[in-house]
Amino acid sequence: QVQLVESGGGLVQPGGSLRLSCAASGFSLANYNAGWFRQPPGKEPEGVSCITSDGNTADSDSVKGRFTISRDNAKNTVYLQMNNLKPEDTAVYYCATDQQGGDYSFSPRCSLFLGSWGQGTQVTVSS
């Protein structure tokens with residue numbers, strides 16, 4: 001069974017850090033692009049970061065310089081290190097791959113499938 005399981009969210013003060021993890025099962029993540037979307041309360045989903053199968057990355061303008069995406073193919077896991085968090089980063093964060101194709105483009109080399117996510121992990125940035 002193909003599954004993506006996100007973890008690592010929580011409540012953090014502005015300026016704080018969190019590290020999200022997305023563990024894949026049922027397939028080899030190494031063969032695919034992977035990355036993160038988020039959905040703020042009451043808003044549409046938005047792309048956050050993407051990493052190609054060979055490690056090239058692309059980030060949305062809103063998180064550049066603060067978030068870093070990485071992957072460990074041996075652990076079948078992709079990570080999102082989030083630093084200097086802001087209240088506007090509050091959202092449910094979902095990971096995704098291009099296993100079903102890529103209909104959301106972060107860059108010419110990195111696209112993800114917007115329509116198939118795990119259960120997500122809540123990130124709340126508040127003082």
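Note that the structure is a prediction, hence the values are computed from the model and not measured.
Cluster annotation: Y94 and V123 are assigned to distinct hydrophobic clusters (Ile/Leu/Val/Met/Phe/Trp/Tyr, side-chain heavy-atom contacts under 4.5 Å, transitive). F113 and V78 are assigned to two separate hydrophobic clusters, defined by single-linkage of ILVMFWY side chains at heavy-atom distances under 4.5 Å. Follow the hydrophobic side-chain contacts under 4.5 Å out from F37 and you reach V92 in the same cluster. V48 and L29 end up in the same hydrophobic cluster when Ile, Leu, Val, Met, Phe, Trp and Tyr side chains are linked at under 4.5 Å. Under the 4.5 Å side-chain heavy-atom criterion for ILVMFWY residues, a single connected hydrophobic cluster contains both W36 and V2.
Closest approach of S53 and N73 over heavy atoms only: O-ND2, 4.3 Å. Residues I69 and G35 approach most closely at CD1-CA, 3.6 Å, considering heavy atoms. The minimum heavy-atom distance linking L4 with A24 is given by the pair CD2-CB, 3.8 Å. Among all heavy-atom pairs drawn from R66 and D89, the shortest one is NH1-OD2, 2.7 Å.
S60 is not listed as a side-chain neighbour of E46, based on a closest heavy-atom distance of 4.5 Å or more. The shortest side-chain heavy-atom distance between N56 and I51 does not fall under the 4.5 Å cut-off. For the pair L20/M82, a side-chain contact is recorded, criterion being any heavy-atom separation below 4.5 Å from C-beta on.
With rounding to the nearest 0.5 angstrom, the CZ atom of F67 is 9.0 Å from the CG atom of L18. T121 contributes atom OG1, which lies 10.5 Å from atom OH of Y93 (distance to the nearest 0.5 angstrom). In this structure, R38 CZ and E44 CD are separated by 14.5 Å, a value rounded to the nearest 0.5 Å. With rounding to the nearest 0.5 Å, the separation of CZ in R71 from CG in D54 is 8.5 Å. Note that the OH atom of Y32 and the CD atom of Q99 stand 4.5 Å from one another [nearest 0.5 Å]. Atom OH in Y104 sits 9.5 Å away from atom CG in L112 (nearest 0.5 Å).
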**OP:** Please report the C-alpha distance between S25 and Q1 in whole Å, then the side-chain angles of each, then the deciding distance to 0.1 Å, and finally whether the side-chain contact (heavy atoms from CB on, under 4.5 Å) criterion is met.
**Re:** CA-CA 7 Å; S25 59; Q1 181 182 2; over 6 Å; no

**OP:** Using the side-chain contact (heavy atoms from CB on, under 4.5 Å) rule, take F106 and T57 through it: C-alpha gap first, then chi angles, then the decisive distance, then the call.
**Re:** CA-CA 9 Å; F106 290 76; T57 64; over 6 Å; no

Subject >> side chain to side chain donor-acceptor pair (under 3.5 Å) between S49 and D59, worked out >> reply: CA-CA 4 Å; S49 295; D59 303 304; 2.7 Å; yes

Original post:
Could you go step by step and tell me if Q122 and L11 meet the side-chain contact (heavy atoms from CB on, under 4.5 Å) rule?
Top reply: CA-CA 8 Å; Q122 175 71 48; L11 172 64; over 6 Å; no

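Residues D72 and T77 bring no donor and acceptor atom of their side chains to less than 3.5 Å of each other. Judged purely by distance below 3.5 Å, without hydrogens or angles, the side chains of S126 and T124 never pair a donor atom with an acceptor atom.
Remark: K64 pairs with D61 by the salt bridge (Lys or Arg N to Asp or Glu O under 4.0 Å) rule, at least two apart or across chains.
The salt bridge (Lys or Arg N to Asp or Glu O under 4.0 Å) contacts involving residues 2-23 comprise nothing, where partners must be two or more places apart or lie in separate chains.
For the pair N76 (side chain) and F27 (backbone), a donor-acceptor distance under 3.5 Å is present. Proximity of a side-chain donor or acceptor of D98 to a complementary backbone N or O of N33 within less than 3.5 Å is detected.
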